[in-house]
Amino acid sequence: AVVSTQSTGFLAGTGAERVKNNTEIRIVDGTPSLLWDLDGWEKRYPDSDEPPYSNADLIHAVTPDAKILAIVRNPVSRLYSEYLYFWKRSRMRSEIRTPQTFHSEVLKATRKFNRCLEDKSLRQCCYSSDHSNRVRIALGVYVCYVRDFLEVFRDNLLVVTMNEYHSYPLETLTKIFNHIGVSKPNLEDFRHRLVSSETLNKQRDDTVKEVGEMLDETRELLSGFYDPYNSQLAALLDDPKYLFF
């Protein structure tokens, strides 16, 4: 992970003492790719079938008492949202993207992933760098990455779903605050902030209007692909909410 100059400046100055003397201060890294990105491991360990470590091992080696929070979204909607987001913000904006082109990309990606599983383990296929960056199908196989973090951090790992955060924001945030060990805010003040806060991701709705919703056949295809892995995640964490029904 890359540590920002702002973070290093904070710690190099009075930040370290402030953190040490104030139990309510937490240093947070919100990099989503820390959950899954092991880019380059095949080159470093060419004789290994699977990565001999995970990012969980690296984080634990430096900060063994770290509290890990993973917020996971229905992998079907996550994939289409990512597809639209990176198209909107990248030089690929000049490409014509439609629900039909997404369906074609999904067909290729799911077939390639399933072919990988014919002679390789799920973990090797998930961490493989031989996947398309256009449709990152493996990132929604959460059970692969969550299992690695759970093995290392145990009770210091909390996994919540985007749906429960949207449906029960106060309860979910209270759970998160308890997990990281800071005091809960005044609930009335917190409720007011949630109600009056502005929605930041408005461009997603505009992009969907421009491109179109995912095709029903694509949603059915992706649901069939992800359902077994969602079931494994629900069993691993002993909670049916990870089935994403």
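These values consider heavy atoms only, across backbone and side chains, with no hydrogens, waters or symmetry-generated copies. If you read the sequence from its start, that first residue is 1, and numbering goes on from there.
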- Query: Does the salt bridge (Lys or Arg N to Asp or Glu O under 4.0 Å) test come out yes or no for Arg123 and Asp148, once each step is laid out?
  - Reply: CA-CA 9 Å; Arg123 190 166 181 270; Asp148 278 350; 3.1 Å; yes
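- The six-membered or imidazole ring of Tyr142 lies away from that of Tyr229, with a centre-to-centre distance of 6.0 Å or more.
- Counting heavy atoms from C-beta outward, Gln100 and Leu215 have side chains that approach closer than 4.5 Å.
- The sulfur atoms (SG) of Cys144 and Cys126 lie 2.5 Å or more from each other.
- Taking both residues in full, the closest heavy atoms of Val159 and Lys241 are given as O-NZ, 4.2 Å, listed atom of the first, atom of the second, then distance.
- The backbone N or O of Tyr53 sits nowhere less than 3.5 Å from a side-chain atom of Asp57 that would complete a donor-acceptor pair.
- Summarising the local packing, CZ of Arg111 is surrounded by 12 or fewer heavy atoms from other residues, nucleotides or ligands at distances under 6.0 Å.
- Of the possible polar contacts, one joining the Thr101 side chain to the Thr98 backbone as a donor-acceptor pair under 3.5 Å is found.
- Centroid-to-centroid, the aromatic rings of Tyr145 and Tyr127 come within less than 6.0 Å.
- Both tests hold for Arg97 against Tyr83: distance to the six-membered ring centre under 6.0 Å, angle to the ring axis within 45°.
- Within the 4.5 Å cutoff, the side chain of Leu139 has heavy atoms near those of the Arg78 side chain.
- Side chain of Thr161 to main chain of Glu164: a donor-acceptor pair is present (N/O by atom type, distance under 3.5 Å, no hydrogens or angles).
- Scanning both residues, Gly30 and Pro32, for their nearest heavy atoms gives O-CD, 3.1 Å.
- Cluster annotation: Tyr165 and Leu243 are assigned to distinct hydrophobic clusters (Ile/Leu/Val/Met/Phe/Trp/Tyr, side-chain heavy-atom contacts under 4.5 Å, transitive).
- Proximity of Ser121 to Glu50: side-chain heavy atoms (C-beta onward) are separated by under 4.5 Å at one or more points.
- Looking only at distances, no side-chain donor or acceptor of Asp37 sits under 3.5 Å from a matching main-chain atom of Leu34.
- Between Tyr80 and Thr218 there is no side-chain heavy-atom pair separated by less than 4.5 Å.
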- Are Ile180 and Leu69 close enough, and set up right, to give a side chain to side chain contact (heavy atoms under 4.5 Å, CB included), and what steps lead you there? CA-CA 9 Å; Ile180 64 177; Leu69 169 67; 5.7 Å; no
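- Across every non-hydrogen atom of Pro75 and Asn230, the tightest pair is CG-OD1, 3.7 Å.
- By the rule that hydrophobic residues join a cluster once side-chain heavy atoms approach within less than 4.5 Å of another member, Tyr168 and Tyr242 end up as members of separate clusters.
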- Intermediate values then yes/no, side chain to side chain contact (heavy atoms under 4.5 Å, CB included), Asn163 and Asn74: CA-CA 8 Å; Asn163 182 63; Asn74 183 314; over 6 Å; no
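- A side-chain donor from one of Asp29 and Thr31 sits under 3.5 Å from a side-chain acceptor of the other.
- Inspection of the Ser81 and Arg73 side chains reveals an N or O donor paired with an N or O acceptor under 3.5 Å.
- Val106 is connected to Leu117 through a chain of hydrophobic side-chain contacts under 4.5 Å among Ile, Leu, Val, Met, Phe, Trp and Tyr, so both are in one cluster.
- Counting non-hydrogen atoms of neighbouring residues, nucleotides and ligands closer than 6.0 angstrom, the CG atom of Asp119 exceeds 12 such neighbours.
- At least one side-chain heavy atom of Val143 sits less than 4.5 Å from a side-chain heavy atom of Leu236.
- Side-chain atoms of Glu82 never come within 3.5 Å of backbone atoms of Val135 as a donor-acceptor pair (strictly under, hydrogens ignored).
- Side-chain contact between Gln232 and Leu122: present, with at least one pair of heavy atoms (C-beta onward) separated by less than 4.5 Å.
- The aromatic ring centres of Tyr226 and Phe244 sit 6.0 Å or more apart.
- Counting only heavy atoms from C-beta outward, the side chains of Cys125 and Phe113 approach each other to under 4.5 Å.
- The environment of CG in Asp189 is crowded: more than 12 heavy-atom neighbours from other residues, nucleotides or ligands sit within 6.0 Å.
- For Thr63 (side chain) and His60 (main-chain N/O), no donor-acceptor pair under 3.5 Å exists by modelled atom type.
- Lys67 has its side chain out of reach of Leu158: every pair of non-hydrogen atoms, C-beta onward, lies at least 4.5 Å apart.
- Checked by atom type and distance alone, the side chain of His179 pairs as donor or acceptor with a backbone atom of Ile68 at under 3.5 Å.
- Checking side-chain atoms of Ser128 against main-chain N and O of Asp130 turns up a donor-acceptor pair under 3.5 Å.
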